[in-house]
2 protein chains.
Amino acid sequence: MNTIEIRKGEIIQRSGELNSKIYNVNTGLLRSYTIDDKGKEHIYQFAPEKWMIADLGSPEKPCQLFIDAIEDSSVTVFEKDPDISPTDKIKLTNRMKVLQNRIIMLISASALDRYLHFIETYPNIIERVPQRMIASYLGVTPEALSRVRKNL
Amino acid sequence: MNTIEIRKGEIIQRSGELNSKIYNVNTGLLRSYTIDDKGKEHIYQFAPEKWMIADLGSPEKPCQLFIDAIEDSSVTVFEKDPDISPTDKIKLTNRMKVLQNRIIMLISASALDRYLHFIETYPNIIERVPQRMIASYLGVTPEALSRVRKNL
DNA sequence: CTTATGCATTGATGTAGATCAACAGGTAAT
DNA sequence: ATTACCTGTTGATCTACATCAATGCATAAG
(Lines give C-alpha, C1' and ligand atoms only; values in the text may rest on other atoms or scores of the structure.)
Protein backbone atom coordinates (compact mmCIF):
# COMPACT_ATOMS: atom_id res chain seq x y z
CA MET A 1 0.00 0.00 0.00
CA ASN A 2 1.79 3.07 -1.28
CA THR A 3 0.85 6.28 -2.99
CA ILE A 4 1.93 7.19 -6.50
CA GLU A 5 1.56 10.16 -8.81
CA ILE A 6 0.18 9.62 -12.30
CA ARG A 7 0.30 12.17 -15.04
CA LYS A 8 -2.53 12.86 -17.41
CA GLY A 9 -2.58 10.31 -20.19
CA GLU A 10 -0.40 7.83 -18.34
CA ILE A 11 -1.59 4.25 -18.56
CA ILE A 12 -1.17 2.31 -15.33
CA GLN A 13 -2.83 -0.91 -16.45
CA ARG A 14 -3.23 -2.47 -19.86
CA SER A 15 -5.67 -5.04 -21.12
CA GLY A 16 -3.97 -8.43 -21.26
CA GLU A 17 -1.55 -7.71 -18.44
CA LEU A 18 -1.63 -9.47 -15.12
CA ASN A 19 -2.59 -7.14 -12.35
CA SER A 20 -3.60 -7.64 -8.75
CA LYS A 21 -3.96 -4.02 -7.76
CA ILE A 22 -6.82 -1.87 -6.69
CA TYR A 23 -6.39 1.87 -7.00
CA ASN A 24 -7.90 4.38 -4.65
CA VAL A 25 -7.97 7.88 -6.09
CA ASN A 26 -6.86 10.64 -3.73
CA THR A 27 -6.84 13.51 -6.21
CA GLY A 28 -7.47 13.69 -9.94
CA LEU A 29 -9.45 11.47 -12.22
CA LEU A 30 -8.87 8.02 -13.69
CA ARG A 31 -10.88 5.92 -16.07
CA SER A 32 -11.04 2.28 -17.07
CA TYR A 33 -12.00 1.14 -20.55
CA THR A 34 -11.83 -1.61 -23.12
CA ILE A 35 -10.71 -1.33 -26.72
CA ASP A 36 -12.75 -3.46 -29.09
CA ASP A 37 -11.56 -5.21 -32.23
CA LYS A 38 -12.37 -2.12 -34.28
CA GLY A 39 -10.08 -0.10 -32.08
CA LYS A 40 -12.96 1.66 -30.40
CA GLU A 41 -12.81 2.57 -26.73
CA HIS A 42 -15.64 1.70 -24.38
CA ILE A 43 -15.32 3.36 -21.02
CA TYR A 44 -16.28 1.18 -18.11
CA GLN A 45 -15.77 3.53 -15.20
CA PHE A 46 -14.72 6.99 -14.16
CA ALA A 47 -12.96 7.32 -10.82
CA PRO A 48 -12.70 10.79 -9.30
CA GLU A 49 -11.46 11.55 -5.79
CA LYS A 50 -12.28 8.91 -3.17
CA TRP A 51 -13.32 6.30 -5.71
CA MET A 52 -11.77 2.94 -6.24
CA ILE A 53 -10.90 1.62 -9.63
CA ALA A 54 -9.68 -1.81 -10.68
CA ASP A 55 -10.15 -4.69 -13.02
CA LEU A 56 -11.91 -7.16 -10.79
CA GLY A 57 -10.85 -10.34 -12.53
CA SER A 58 -8.77 -12.93 -10.72
CA PRO A 59 -5.27 -11.65 -10.02
CA GLU A 60 -3.75 -14.56 -11.90
CA LYS A 61 -5.73 -13.92 -15.08
CA PRO A 62 -5.00 -11.25 -17.67
CA CYS A 63 -7.27 -8.32 -17.10
CA GLN A 64 -9.55 -6.90 -19.71
CA LEU A 65 -9.50 -3.23 -18.82
CA PHE A 66 -7.13 -0.39 -19.49
CA ILE A 67 -6.75 2.18 -16.76
CA ASP A 68 -5.31 5.61 -17.36
CA ALA A 69 -5.39 9.12 -15.95
CA ILE A 70 -7.65 11.78 -17.43
CA GLU A 71 -6.09 14.34 -15.10
CA ASP A 72 -2.85 14.38 -13.16
CA SER A 73 -3.69 12.20 -10.21
CA SER A 74 -2.51 10.85 -6.90
CA VAL A 75 -3.60 7.29 -6.16
CA THR A 76 -3.03 4.80 -3.40
CA VAL A 77 -2.30 1.28 -4.56
CA PHE A 78 -3.68 -1.77 -2.75
CA GLU A 79 -3.40 -5.46 -3.38
CA LYS A 80 -6.63 -7.28 -4.11
CA ASP A 81 -6.75 -8.52 -0.58
CA PRO A 82 -9.38 -10.99 0.64
CA ASP A 83 -9.37 -9.05 3.90
CA ILE A 84 -11.16 -5.79 3.41
CA SER A 85 -11.87 -3.07 5.91
CA PRO A 86 -15.37 -1.91 6.83
CA THR A 87 -14.74 1.32 4.95
CA ASP A 88 -13.81 -0.56 1.83
CA LYS A 89 -16.85 -2.73 2.27
CA ILE A 90 -19.05 0.33 2.13
CA LYS A 91 -17.27 1.53 -0.95
CA LEU A 92 -17.70 -1.85 -2.53
CA THR A 93 -21.40 -1.76 -1.84
CA ASN A 94 -21.70 1.72 -3.27
CA ARG A 95 -19.82 0.60 -6.30
CA MET A 96 -22.26 -2.23 -6.84
CA LYS A 97 -25.17 0.13 -6.56
CA VAL A 98 -23.66 2.18 -9.34
CA LEU A 99 -23.19 -0.91 -11.47
CA GLN A 100 -26.75 -1.90 -10.85
CA ASN A 101 -28.10 1.47 -11.92
CA ARG A 102 -25.91 1.56 -14.92
CA ILE A 103 -27.01 -1.81 -16.20
CA ILE A 104 -30.62 -0.84 -15.76
CA MET A 105 -29.99 2.31 -17.75
CA LEU A 106 -28.25 0.39 -20.49
CA ILE A 107 -30.90 -2.24 -20.97
CA SER A 108 -33.89 0.02 -20.62
CA ALA A 109 -33.21 3.70 -21.25
CA SER A 110 -32.74 5.84 -24.34
CA ALA A 111 -29.60 7.82 -25.00
CA LEU A 112 -31.34 10.91 -23.65
CA ASP A 113 -32.43 9.26 -20.42
CA ARG A 114 -29.02 7.74 -19.92
CA TYR A 115 -27.46 11.15 -20.31
CA LEU A 116 -29.87 12.78 -17.89
CA HIS A 117 -29.20 10.04 -15.38
CA PHE A 118 -25.49 10.53 -15.87
CA ILE A 119 -25.47 14.28 -15.21
CA GLU A 120 -27.60 13.66 -12.18
CA THR A 121 -25.27 10.98 -10.84
CA TYR A 122 -22.00 12.70 -11.74
CA PRO A 123 -22.73 16.43 -11.90
CA ASN A 124 -19.12 17.23 -11.10
CA ILE A 125 -17.59 14.97 -13.70
CA ILE A 126 -19.27 16.44 -16.74
CA GLU A 127 -17.15 19.56 -16.75
CA ARG A 128 -13.98 17.62 -16.30
CA VAL A 129 -14.34 15.11 -19.06
CA PRO A 130 -14.50 15.51 -22.83
CA GLN A 131 -17.93 14.87 -24.20
CA ARG A 132 -16.79 11.98 -26.32
CA MET A 133 -15.76 10.11 -23.20
CA ILE A 134 -19.17 10.56 -21.71
CA ALA A 135 -20.64 9.24 -24.93
CA SER A 136 -18.41 6.22 -24.64
CA TYR A 137 -19.51 5.69 -21.08
CA LEU A 138 -23.12 5.92 -22.12
CA GLY A 139 -22.62 3.46 -24.93
CA VAL A 140 -23.49 5.92 -27.69
CA THR A 141 -21.47 7.76 -30.32
CA PRO A 142 -20.21 11.31 -29.76
CA GLU A 143 -22.44 12.44 -32.62
CA ALA A 144 -25.50 10.94 -30.97
CA LEU A 145 -24.68 12.61 -27.66
CA SER A 146 -24.14 15.94 -29.38
CA ARG A 147 -27.61 15.65 -30.90
CA VAL A 148 -29.13 14.64 -27.59
CA ARG A 149 -27.66 17.73 -25.98
CA LYS A 150 -28.89 20.01 -28.73
CA ASN A 151 -32.46 19.22 -27.64
CA LEU A 152 -31.61 20.23 -24.07
CA MET B 1 -30.46 -16.15 8.72
CA ASN B 2 -33.11 -18.74 7.94
CA THR B 3 -34.10 -20.85 5.00
CA ILE B 4 -37.40 -20.49 3.16
CA GLU B 5 -39.18 -22.21 0.29
CA ILE B 6 -40.45 -20.16 -2.59
CA ARG B 7 -42.80 -21.43 -5.23
CA LYS B 8 -42.49 -20.67 -8.91
CA GLY B 9 -43.92 -17.24 -9.67
CA GLU B 10 -43.85 -16.09 -6.08
CA ILE B 11 -42.58 -12.56 -5.60
CA ILE B 12 -40.40 -12.12 -2.55
CA GLN B 13 -39.46 -8.51 -3.10
CA ARG B 14 -41.23 -5.69 -4.89
CA SER B 15 -39.93 -2.46 -6.31
CA GLY B 16 -40.72 0.37 -3.93
CA GLU B 17 -40.66 -1.77 -0.83
CA LEU B 18 -38.07 -1.44 1.88
CA ASN B 19 -35.87 -4.46 2.06
CA SER B 20 -32.62 -5.22 3.82
CA LYS B 21 -32.27 -8.83 2.79
CA ILE B 22 -29.81 -10.74 0.67
CA TYR B 23 -30.94 -14.09 -0.68
CA ASN B 24 -28.64 -17.01 -1.22
CA VAL B 25 -30.11 -19.62 -3.54
CA ASN B 26 -29.75 -23.23 -2.40
CA THR B 27 -31.89 -24.86 -5.07
CA GLY B 28 -34.00 -23.45 -7.85
CA LEU B 29 -33.77 -20.24 -9.78
CA LEU B 30 -34.63 -16.66 -8.97
CA ARG B 31 -34.47 -13.48 -10.96
CA SER B 32 -34.47 -9.76 -10.26
CA TYR B 33 -35.95 -7.23 -12.63
CA THR B 34 -37.39 -3.76 -13.05
CA ILE B 35 -40.65 -2.80 -14.66
CA ASP B 36 -40.49 0.39 -16.66
CA ASP B 37 -43.20 2.99 -17.13
CA LYS B 38 -44.48 1.13 -20.17
CA GLY B 39 -44.94 -1.95 -18.02
CA LYS B 40 -42.03 -3.71 -19.62
CA GLU B 41 -39.78 -5.99 -17.60
CA HIS B 42 -36.01 -5.63 -17.69
CA ILE B 43 -34.22 -8.48 -16.04
CA TYR B 44 -31.23 -7.49 -14.01
CA GLN B 45 -30.00 -10.83 -12.78
CA PHE B 46 -30.58 -14.55 -12.78
CA ALA B 47 -29.63 -16.44 -9.65
CA PRO B 48 -29.34 -20.24 -9.90
CA GLU B 49 -27.99 -22.49 -7.16
CA LYS B 50 -25.21 -20.99 -5.03
CA TRP B 51 -25.77 -17.45 -6.30
CA MET B 52 -26.71 -14.44 -4.27
CA ILE B 53 -29.43 -12.07 -5.28
CA ALA B 54 -30.47 -8.76 -3.76
CA ASP B 55 -31.26 -5.17 -4.42
CA LEU B 56 -28.10 -3.50 -3.24
CA GLY B 57 -29.53 -0.13 -2.41
CA SER B 58 -29.40 1.19 1.14
CA PRO B 59 -31.66 -0.82 3.46
CA GLU B 60 -33.56 2.31 4.43
CA LYS B 61 -34.38 3.28 0.86
CA PRO B 62 -37.10 1.73 -1.30
CA CYS B 63 -35.54 -0.77 -3.61
CA GLN B 64 -35.88 -0.69 -7.34
CA LEU B 65 -35.89 -4.36 -8.17
CA PHE B 66 -38.50 -7.07 -8.10
CA ILE B 67 -37.30 -10.52 -7.13
CA ASP B 68 -39.30 -13.64 -7.88
CA ALA B 69 -38.84 -17.35 -8.45
CA ILE B 70 -38.65 -18.82 -11.94
CA GLU B 71 -38.61 -22.32 -10.44
CA ASP B 72 -39.63 -23.65 -7.03
CA SER B 73 -36.66 -22.65 -4.92
CA SER B 74 -35.06 -22.90 -1.54
CA VAL B 75 -33.22 -19.79 -0.40
CA THR B 76 -31.35 -18.68 2.68
CA VAL B 77 -32.11 -15.16 3.84
CA PHE B 78 -29.42 -12.87 5.23
CA GLU B 79 -29.46 -9.33 6.46
CA LYS B 80 -27.37 -6.85 4.51
CA ASP B 81 -24.68 -7.07 7.11
CA PRO B 82 -21.63 -4.82 7.01
CA ASP B 83 -19.66 -7.80 8.31
CA ILE B 84 -19.13 -10.28 5.54
CA SER B 85 -17.24 -13.54 5.63
CA PRO B 86 -14.30 -14.32 3.33
CA THR B 87 -16.54 -16.72 1.42
CA ASP B 88 -19.08 -14.02 0.80
CA LYS B 89 -16.31 -11.70 -0.18
CA ILE B 90 -15.34 -14.10 -2.94
CA LYS B 91 -18.91 -14.33 -4.10
CA LEU B 92 -19.15 -10.59 -4.09
CA THR B 93 -16.07 -10.34 -6.21
CA ASN B 94 -17.38 -12.90 -8.64
CA ARG B 95 -20.60 -11.01 -8.82
CA MET B 96 -18.77 -7.84 -9.71
CA LYS B 97 -16.87 -9.62 -12.42
CA VAL B 98 -20.16 -10.65 -13.94
CA LEU B 99 -21.46 -7.11 -13.73
CA GLN B 100 -18.32 -5.86 -15.36
CA ASN B 101 -18.63 -8.26 -18.27
CA ARG B 102 -22.24 -7.52 -18.69
CA ILE B 103 -21.77 -3.78 -18.88
CA ILE B 104 -19.06 -4.23 -21.44
CA MET B 105 -21.38 -6.39 -23.49
CA LEU B 106 -24.18 -3.86 -23.25
CA ILE B 107 -22.17 -0.85 -24.30
CA SER B 108 -20.15 -2.53 -27.00
CA ALA B 109 -21.71 -5.70 -28.41
CA SER B 110 -24.50 -6.47 -30.85
CA ALA B 111 -27.52 -8.54 -29.92
CA LEU B 112 -25.86 -11.56 -31.51
CA ASP B 113 -22.62 -11.15 -29.61
CA ARG B 114 -24.44 -10.58 -26.37
CA TYR B 115 -26.39 -13.77 -26.92
CA LEU B 116 -23.28 -15.78 -27.72
CA HIS B 117 -21.61 -14.42 -24.63
CA PHE B 118 -24.65 -15.31 -22.60
CA ILE B 119 -24.83 -18.95 -23.67
CA GLU B 120 -21.12 -19.21 -23.02
CA THR B 121 -21.44 -17.74 -19.55
CA TYR B 122 -24.67 -19.48 -18.55
CA PRO B 123 -24.89 -22.67 -20.63
CA ASN B 124 -27.04 -24.31 -17.98
CA ILE B 125 -29.52 -21.49 -17.65
CA ILE B 126 -30.64 -21.36 -21.25
CA GLU B 127 -32.65 -24.54 -21.06
CA ARG B 128 -34.31 -23.50 -17.84
CA VAL B 129 -35.54 -20.10 -18.81
CA PRO B 130 -38.05 -18.93 -21.42
CA GLN B 131 -36.41 -17.23 -24.32
CA ARG B 132 -38.20 -13.98 -23.71
CA MET B 133 -36.51 -13.69 -20.32
CA ILE B 134 -33.14 -14.11 -21.90
CA ALA B 135 -34.08 -11.41 -24.36
CA SER B 136 -34.98 -9.16 -21.47
CA TYR B 137 -31.68 -9.89 -19.80
CA LEU B 138 -29.84 -9.08 -22.99
CA GLY B 139 -31.73 -5.83 -23.40
CA VAL B 140 -33.41 -6.82 -26.67
CA THR B 141 -36.95 -7.81 -27.63
CA PRO B 142 -38.03 -11.45 -27.86
CA GLU B 143 -38.56 -10.96 -31.58
CA ALA B 144 -35.02 -9.71 -32.05
CA LEU B 145 -33.61 -12.66 -30.14
CA SER B 146 -35.70 -15.07 -32.15
CA ARG B 147 -34.23 -13.62 -35.33
CA VAL B 148 -30.74 -13.73 -33.95
CA ARG B 149 -31.17 -17.42 -33.18
CA LYS B 150 -32.57 -18.17 -36.62
CA ASN B 151 -29.17 -17.27 -38.09
CA LEU B 152 -27.49 -19.81 -35.79
C1' DC C 1 -62.52 -32.81 -27.06
C1' DT C 2 -62.62 -27.74 -26.79
C1' DT C 3 -61.08 -23.57 -25.21
C1' DA C 4 -57.79 -20.68 -23.26
C1' DT C 5 -53.22 -18.99 -22.13
C1' DG C 6 -48.32 -18.36 -22.97
C1' DC C 7 -44.32 -18.71 -25.88
C1' DA C 8 -41.87 -18.66 -30.26
C1' DT C 9 -41.90 -17.35 -34.90
C1' DT C 10 -42.58 -14.48 -39.03
C1' DG C 11 -43.75 -10.42 -41.76
C1' DA C 12 -44.31 -5.37 -42.49
C1' DT C 13 -43.06 -1.06 -41.13
C1' DG C 14 -40.94 2.58 -38.11
C1' DT C 15 -37.10 4.73 -35.76
C1' DA C 16 -33.10 5.63 -32.72
C1' DG C 17 -28.79 5.68 -33.20
C1' DA C 18 -24.55 4.33 -36.16
C1' DT C 19 -21.70 5.52 -39.80
C1' DC C 20 -19.42 8.49 -43.01
C1' DA C 21 -18.01 12.91 -44.20
C1' DA C 22 -17.37 17.75 -43.99
C1' DC C 23 -16.49 21.82 -41.27
C1' DA C 24 -15.62 25.12 -37.38
C1' DG C 25 -13.38 26.70 -33.19
C1' DG C 26 -9.36 26.02 -29.76
C1' DT C 27 -5.13 25.00 -28.38
C1' DA C 28 -0.34 23.46 -28.96
C1' DA C 29 3.88 23.19 -31.74
C1' DT C 30 6.81 25.02 -35.14
C1' DA D 1 1.65 33.54 -38.39
C1' DT D 2 1.10 28.85 -40.04
C1' DT D 3 0.37 24.26 -39.49
C1' DA D 4 -1.36 20.44 -37.15
C1' DC D 5 -4.36 18.28 -34.06
C1' DC D 6 -8.37 17.60 -31.21
C1' DT D 7 -13.09 18.23 -29.99
C1' DG D 8 -17.69 19.26 -31.00
C1' DT D 9 -21.23 20.07 -34.42
C1' DT D 10 -24.16 19.24 -38.41
C1' DG D 11 -25.93 16.85 -42.48
C1' DA D 12 -26.92 12.65 -45.33
C1' DT D 13 -27.48 8.02 -45.37
C1' DC D 14 -27.67 3.32 -43.51
C1' DT D 15 -28.96 -0.39 -40.38
C1' DA D 16 -29.92 -2.91 -36.28
C1' DC D 17 -33.38 -3.34 -33.60
C1' DA D 18 -38.17 -1.90 -31.98
C1' DT D 19 -42.90 -1.98 -32.71
C1' DC D 20 -47.21 -3.82 -34.27
C1' DA D 21 -49.82 -7.52 -35.81
C1' DA D 22 -50.86 -12.16 -37.21
C1' DT D 23 -50.04 -17.23 -36.94
C1' DG D 24 -48.66 -21.70 -35.12
C1' DC D 25 -47.96 -24.69 -31.24
C1' DA D 26 -47.65 -26.21 -27.21
C1' DT D 27 -49.42 -27.27 -22.42
C1' DA D 28 -53.12 -26.61 -19.05
C1' DA D 29 -58.20 -26.15 -17.73
C1' DG D 30 -62.82 -26.58 -18.47
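Naming convention: chains lettered A, B, ... in sequence-line order (proteins, then strands); numbering from 1 in each chain. FYI, side chains are in, hydrogens and waters are out, and symmetry mates aren't considered; it's all heavy atoms of this structure.
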Next on the checklist: Can you tell me which residue among L145(B), D113(B), V148(B) is in a side-chain contact (heavy atoms from CB on, under 4.5 Å) with L138(B)?
Outcome noted: L145(B)
Rounded distance in Å - [atom1] ([X]) to [atom2] ([N]):
{"X": "I107(A)", "N": "dC17(D)", "atom1": "CD1", "atom2": "P", "answer": "16 Å"}
{"X": "L138(A)", "N": "dA16(C)", "atom1": "CG", "atom2": "C1'", "answer": "15 Å"}
{"X": "L112(B)", "N": "dT15(D)", "atom1": "CG", "atom2": "P", "answer": "17 Å"}
{"X": "D113(A)", "N": "dA16(C)", "atom1": "CG", "atom2": "C1'", "answer": "13 Å"}
{"X": "L106(A)", "N": "dG17(C)", "atom1": "CG", "atom2": "C1'", "answer": "14 Å"}

Taking all atoms of both residues into account, what is the closest heavy-atom pair of [X] and [Y], and its distance?
{"X": "M52(B)", "Y": "A47(B)", "result": "O-CB, 4.2 Å"}
{"X": "A69(A)", "Y": "I6(A)", "result": "CB-CG2, 3.7 Å"}
{"X": "R149(A)", "Y": "Q131(A)", "result": "NE-OE1, 3.0 Å"}

For residues 70-78 of chain B, please give each side-chain donor-acceptor pair under 3.5 Å, one per line with the distance, not counting sequence neighbours.
| residue | atom | partner | partner atom | Å |
| --- | --- | --- | --- | --- |
| E71(B) | OE1 | R128(B) | NH2 | 3.2 |
| E71(B) | OE2 | R128(B) | NE | 3.0 |
| D72(B) | OD1 | K8(B) | N | 2.7 |
| S73(B) | OG | L29(B) | N | 3.0 |
| S73(B) | OG | E71(B) | O | 2.7 |
| S74(B) | OG | N26(B) | ND2 | 3.3 |
| T76(B) | OG1 | T3(B) | OG1 | 3.3 |
| T76(B) | OG1 | N26(B) | OD1 | 3.4 |
| T76(B) | OG1 | N26(B) | ND2 | 3.0 |

Item to check | Step-by-step side chain to side chain contact (heavy atoms under 4.5 Å, CB included) determination, I134(A) to Y115(A) | outcome: CA-CA 8 Å; I134(A) 295 176; Y115(A) 181 64; 4.3 Å; yes
Item to check | Axis bend over the full length of the helix from dC1(C)-dG30(D) to dT30(C)-dA1(D), computed from five pairs that close each end, to 10 degrees | outcome: 30°
Item to check | Heavy-atom side-chain contact between I67(B) and I53(B) under 4.5 Å | outcome: yes
Next on the checklist: Check whether Y137(B) forms a cation-pi arrangement with R31(B) (NZ or CZ under 6.0 Å from the six-membered ring centre, at most 45° off the ring normal).
Outcome noted: no
Give me the distances for all protein-to-nucleotides 6-10 of chain D N/O pairs that come in under 3.5 Å?
| residue | atom | partner | partner atom | Å |
| --- | --- | --- | --- | --- |
| dG8(D) | OP1 | Q131(A) | N | 2.5 |
| dG8(D) | OP2 | Q131(A) | N | 3.4 |
| dG8(D) | OP2 | R132(A) | N | 3.0 |
| dT9(D) | OP2 | Q131(A) | NE2 | 2.6 |
| dT9(D) | OP2 | S146(A) | OG | 3.1 |
| dT9(D) | O5' | S146(A) | OG | 3.3 |

Next on the checklist: I want to check one thing: is the phosphate of dA18(D), taken as OP1 and OP2, less than 4.0 Å away from some side-chain N or O of T141(B)?
Outcome noted: yes
